[in-house]
Amino acid sequence: MSSVPPYDPQLVEAKWQARWARAHSNEPELDRPARPFYNLMMFPYPSAEGLHVGNMFAFTGADIHGRFQRLQGYDVFEPIGFDAFGIHSENYALSVGTHPAKLIPKNIETFRRQLRRFGGMFDWRHELSTTDPKYYKWTQWIFLQLFNAGLAFRKKAAVNWCPKDMSVVANEQVINGYCERHPDTKVEQRFLEQWFFNITRYAERLLNNLDRLDWSDSTRTLQRNWIGRSEGAELIFETPAGTKIPVFTTRPDTVFGATYLVLAPEHPLVDQLTAEEQRSKVNAYRREVQGKDIVSRKVGDKAKTGAFLGSYARNPATDEAIPIWIADYVLMEYGTGAIMAVPAHDRRDFEFATQFRLPIREVVRTDEPLPSVTEDGVLVNSGKFDGMPCRQAQRDIVAWLKDKRLATPQVQYRLHDWCISRQRYWGPPIPIIYCARCGPVGVPERDLPVELPFIEDFRPNASGVSPLARHKEWYFVKCPQCGAQGSRETDVSDTFLDSAWYFLRYPSTEFDDRPWDPKRTQTWLPVTSYIGGNEHAVLHLLYSRFVTMVLHELGKVPFDEPFPKLRAHGLIIKDGAKMSKSRGNVVIPDAYIQKWGADTVRLYLMFLGPFQEGGDFRDTSIIGVRRFLDKVWTTAHEAAGQEAGPLPAAVERKLHETIKKVTTDTERLDYNTAISAMMEYVNLVREQGAGSRAAVEPLLLMVAPYAPHLAEELWAVLGHDRSIFQATWPRYDANLAAGADVEVVVQVNGKVRGRVTVNRGASEAQVVELALRDESVRKFVDGKPVRKTIYVQDRLLNLVV
RNA sequence: GCCGGGGUGGCGAAAUUGGUAGACGCAAGGGACUUAAAAUCCCUUGGGGGGCAACCCCCGUGCAGGUUCGAGUCCUGCCCUCGGCACCA
């Protein structure tokens, strides 16, 4: 054998990365692409620790997809950027005592280096950072588009206040009542005036469009649950004094069983409905509730508490007067903030009624004990509706009450409007000026961006007022409408607004006078393929869809869904747990890349488990994929010195099988099985000593998306002078892949007893005849008559005796 | 509680969706080469049993049933686990 040079990944990778950069080979023609393919991955937050293997796992999977599509002949645009604003970055800056404006550029520098080193096919001309004024100018512009359309408004509302962050956080950032970033800190409820985006107006469309998106089911389900659509009716309960109390219910069929009403303690009608003799009790209860944090209020299995208001309302179905209570198990944020309590058919109402000895009336007959919540039953104690099945009664009772103007069919959503105000420093200032005469006025477009001023002391405080208010020269400003003295909004916007439109910006980063160029947008968007983690299933993906929907309505973009095709990758865990700084199990890939090379690490990450499920990072098995690359290396070098010759039949067949499998698996992101198919193939080639050019070239093309540097190098070794990524993905011949003959399994009574080799497409009779000649089969048939034969063409024969 | 994943060798995992369970890889054991080591190559490797032997038999995909010629895959009822939602009316 000719001498094969050693495989030195450091050398090979440096060489090809330099060439790609020099040749601009990762920078597609954006204006006139023949076949545009926008390959998007979720941009990272540039943490101080650097890119970890979880990021690299996600980016490698997406990069393989991009490189594969490039080999299919697409002009692949694969941009990258940095989601660098936000409380995350700011808290870290606070903890190390460095200003984020100094820290972030350093972190980004590290990320850039790492992203280049692992060999991503990134178009660096279009890098962006959300902290760049040239970027957030347009984040502010988007805010103003919503503001002008009446979709951004100020509202005094109960909001989630994190005492650690000393800021309001969105509903989506509260987990079980605890702050997403501070799992030991309970979120408090504060009543503050905040900016909201009216996402609930789009709830129905956000929900319905899910059906036509090519997304994984798991992600769609998460969004569906988050939006939380409930169908039901609003029913009116009226007091003798004529006050109407609307309640929302999903079970109007149970209205005859509503034996009392419960309002949220904050309900605006409480004062008016409270009888004098009950006032002190009621007020005491309301104070008690106010003192509770959200967790102890919202967790369900506590004993019920409440207070009777001393007044009554009329049940619209029975005309009975039923008592009105307040209780903290009723939430002001949902529905009308008031419920009709049907203790016989609702677990919570049942507990409450039991506790306070309120009447329980069964109105749905089932075979379950009370409280029974099923809708499979028939009505009882319900006047003329007795005997009617629940589902029919739901419609008929609403219709009946509707005629009396006491009911309206209604749909409720769990989704709340998106609170975007943050009382923090590190974000884009909300571009609003307050004027005593004109009210809140949008900053005119010509004055954008409202730059975030540098302030030395950017610490938040518990006052609910942002640090920016301390910068007086920045704070005081003339009203753009009337010229009077005004002041700026000092809150910054939520980071999720930054990331809700970055994909629109990428193709147009060189334009300073527009957020995105209409022609570029027309060409490249919506995003062809989006790959990212399921941790963003509700936040980022929902917000991006909302923003896109609004922009579409305003005529700013020609589509209403940004990501028609989305795939979620799994999570890389370490020692059985999610990687996190607090657990101290974050793995940074640099040392592994140093030791093994980027190609090996890429391949390892893709081989350790299914891409869409993730897996455990254990460095012990890296050697396996490295051995595979070594074999490819050796085989290709040996082939370079050989005359081209025909492939042995077995190798040819395996080659076509392999191309078929690798093609479909790579397409479907089943990278782990694609890699094992390539391993099988190279093993066979070596076993058969068949390492010719004809055997190796297609292999290199298949390896190229996975281990791009190695593939380039070996492609050159085989004498090609153009990049392998300008070549075409190999084709397979279905007939060759299938082979001429097949092994058919022979079972007797469902147990495998033998195998026969026959021509593909052999008839049942032929196979039966052959099978009955097999000694072991005969033994089990044992002379008994064959009662039945089941034949699966080219696969299996089962003889039943 | 509700909604979704998932449970397969010592380990990571495959299995064309009802048709040979454990491909591929790691680890382990044995061997070849070597003064030696590394690297490389070959063999063995789910459990149990039988045979001088090429080999053969039984059991085996969380548990208990069921459907089927045939079940890791479908159905019923459980157990465990991961993720999401949760006093949402």
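Lettering of chains follows the sequences in order, A, B, ..., and the numbering in each one begins at 1. Just the heavy atoms: all of them, side chains too, but no hydrogens, waters or symmetry mates, feed the values below. Please read all numbers here as calculations on a predicted model, not as lab measurements.
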Would you mind writing out the side-chain donor-acceptor pairs for residues 251-263 of chain A within the sub-3.5 Å range, not counting sequence neighbours?
residue	atom	partner	partner atom	Å
A:Arg251	NE	A:Asp253	OD1	3.1
A:Arg251	NE	A:Asp253	OD2	3.3
A:Arg251	NH1	A:Val373	O	3.0
A:Arg251	NH2	A:Asp253	OD2	3.0
A:Arg251	NH2	A:Thr374	O	3.4
A:Asp253	OD1	A:Gln394	NE2	3.3
A:Thr254	OG1	A:Arg251	O	2.8
A:Thr259	OG1	A:Pro359	O	2.7
A:Tyr260	OH	A:Asp349	O	3.0

Interatomic distance at C1', B:A21 relative to B:G46, whole Å: 10 Å
Step-by-step side-chain hydrogen bond (donor to acceptor under 3.5 Å, both in side chains) determination, A:Asn798 to A:Lys788: CA-CA 8 Å; A:Asn798 188 10; A:Lys788 189 173 172 188; over 6 Å; no
Carboxylate-amine/guanidinium proximity below 4.0 Å for A:Arg229 and A:Glu231: yes
Rounded distance in Å between the C1' positions of B:G22 and B:C33: 32 Å
Nearest-angstrom distance, P atom, B:G62 to B:C11: 14 Å
CA sep, side-chain torsions, deciding dist, call: A:Asp376, A:Thr366, side-chain hydrogen bond (donor to acceptor under 3.5 Å, both in side chains): CA-CA 7 Å; A:Asp376 300 315; A:Thr366 63; over 6 Å; no
Nearest-Å distance for atom pair CG/C1', residues A:Leu799 and B:G19: 14 Å
Chi class for B:U17: syn within 90° of 0, otherwise anti: syn
Basic-acidic side-chain contact under 4.0 Å: A:Asp670, A:Arg668: yes
Anti or syn - B:G48, cut at 90° from 0: anti
Distance, P atom - from B:C42 to B:G49, rounded to whole angstrom: 31 Å
Short N-O contact, A:Lys660 and A:Asp665, less than 4.0 angstrom: no
Geometric cation-pi criterion, A:Lys304 with A:Tyr329: 6.0 Å, 45°: yes
Sugar-phosphate, base or nothing in reach of A:Glu743, heavy atoms under 4.0 Å: base
A:Leu370 versus A:Ala344, closest heavy-atom pair with distance: CD2-O, 3.4 Å
Nearest-Å distance for atom pair OH/C1', residues A:Tyr604 and B:A13: 12 Å
Stacked cation flag A:Arg627 on A:Trp633, 6.0 angstrom / 45 deg: no
d(CG, A:Leu796; C1', B:U68) in whole Å: 14 Å
Given RNA chain B, 5'-ward residue of the pair A:Asp670 and A:Tyr329, judged by closest heavy atom: A:Asp670
Near-ring test A:Phe628/A:Phe607, centroid separation under 6.0 angstrom: no
Distance, rounded to the nearest Å, where A:Asp630 contributes CG and B:C41 contributes C1': 14 Å
Residue pair A:Tyr706, A:Thr666: steps toward the side-chain hydrogen bond (donor to acceptor under 3.5 Å, both in side chains) verdict: CA-CA 10 Å; A:Tyr706 295 85; A:Thr666 304; 2.9 Å; yes
Integer angstrom distance from the P of B:C3 to that of B:A86: 16 Å
Main-chain N/O of A:Thr200 paired to A:Asp417 side chain as donor or acceptor, under 3.5 Å: yes
Ring centres under 6.0 angstrom apart (A:Trp325, A:Phe352): yes
Pair A:Lys661 + A:Glu657: basic N to acidic O under 4.0 Å: no
Worked verdict on A:Tyr285 versus A:Asp328 for side-chain contact (heavy atoms from CB on, under 4.5 Å): CA-CA 9 Å; A:Tyr285 181 68; A:Asp328 69 353; 3.6 Å; yes
B:G12 and B:U20, which share atom name C1', separated by this distance in whole Å: 24 Å
C1' gap between B:C24 and B:A13, integer Å: 8 Å
What N/O pairs connect the protein and nucleotides 55-62 of chain B at under 3.5 Å? Give each pair on its own line.
residue	atom	partner	partner atom	Å
B:C58	OP1	A:Arg753	NH2	3.1
B:C58	OP2	A:Arg753	NH1	3.2
B:C59	OP2	A:Lys751	NZ	3.0

Duplex segments of RNA chain B, taken as runs of at least three Watson-Crick or G-U pairs that stay under 3.5 Å: B:1-7 with B:79-85, B:10-12 with B:24-26, B:28-32 with B:40-44, B:46-50 with B:55-59, B:62-66 with B:74-78
Sugar-phosphate only, base, or nothing, as touched by A:Ile790 at under 4.0 Å among non-hydrogen atoms: base
Pair A:Glu764-A:Thr789, side-chain donor/acceptor within less than 3.5 Å: yes
Filtered N/O pairs between nucleotides 22-29 of chain B and protein, under 3.5 Å:
residue	atom	partner	partner atom	Å
B:A23	O2'	A:Glu680	OE2	3.1
B:G25	OP1	A:Asn683	ND2	2.9
B:C26	OP1	A:Arg627	NH1	2.4

Modelled atom types, side-chain donor and acceptor of A:Arg567 and A:Ser216, under 3.5 Å: no
A:Arg414 side-chain N/O to B:A86 phosphate OP1/OP2 under 4.0 Å: yes
Between C1' of B:C85 and CG of A:Leu542, the distance in whole Å: 14 Å
Ring center gap for A:Trp596 and A:Tyr604 short of 6.0 angstrom: no
Under 4.0 Å protein heavy-atom contacts per nucleotide of nucleotides 70-75 of chain B, with B for base, S for backbone only and - for none: ------
For RNA chain B, the residues among residues 658-668 of chain A that have a non-hydrogen atom under 4.0 Å from it: none
Rounded distance in Å - CG (A:Leu235) to P (B:A89): 14 Å
Euclidean distance, atom CD of residue A:Glu351 to atom C1' of B:A89 [Å, nearest integer]: 14 Å
Separation between the C1' atoms of B:U8 and B:C59, rounded to whole Å: 16 Å
Earlier contact from the 5' end, RNA chain B, for A:Pro610 and A:Asp349: A:Pro610
Integer-rounded Å distance: B:A86 C1' and A:Leu331 CG: 10 Å
OP1 or OP2 of B:C69 under 4.0 Å from side-chain N/O of A:Thr789: no
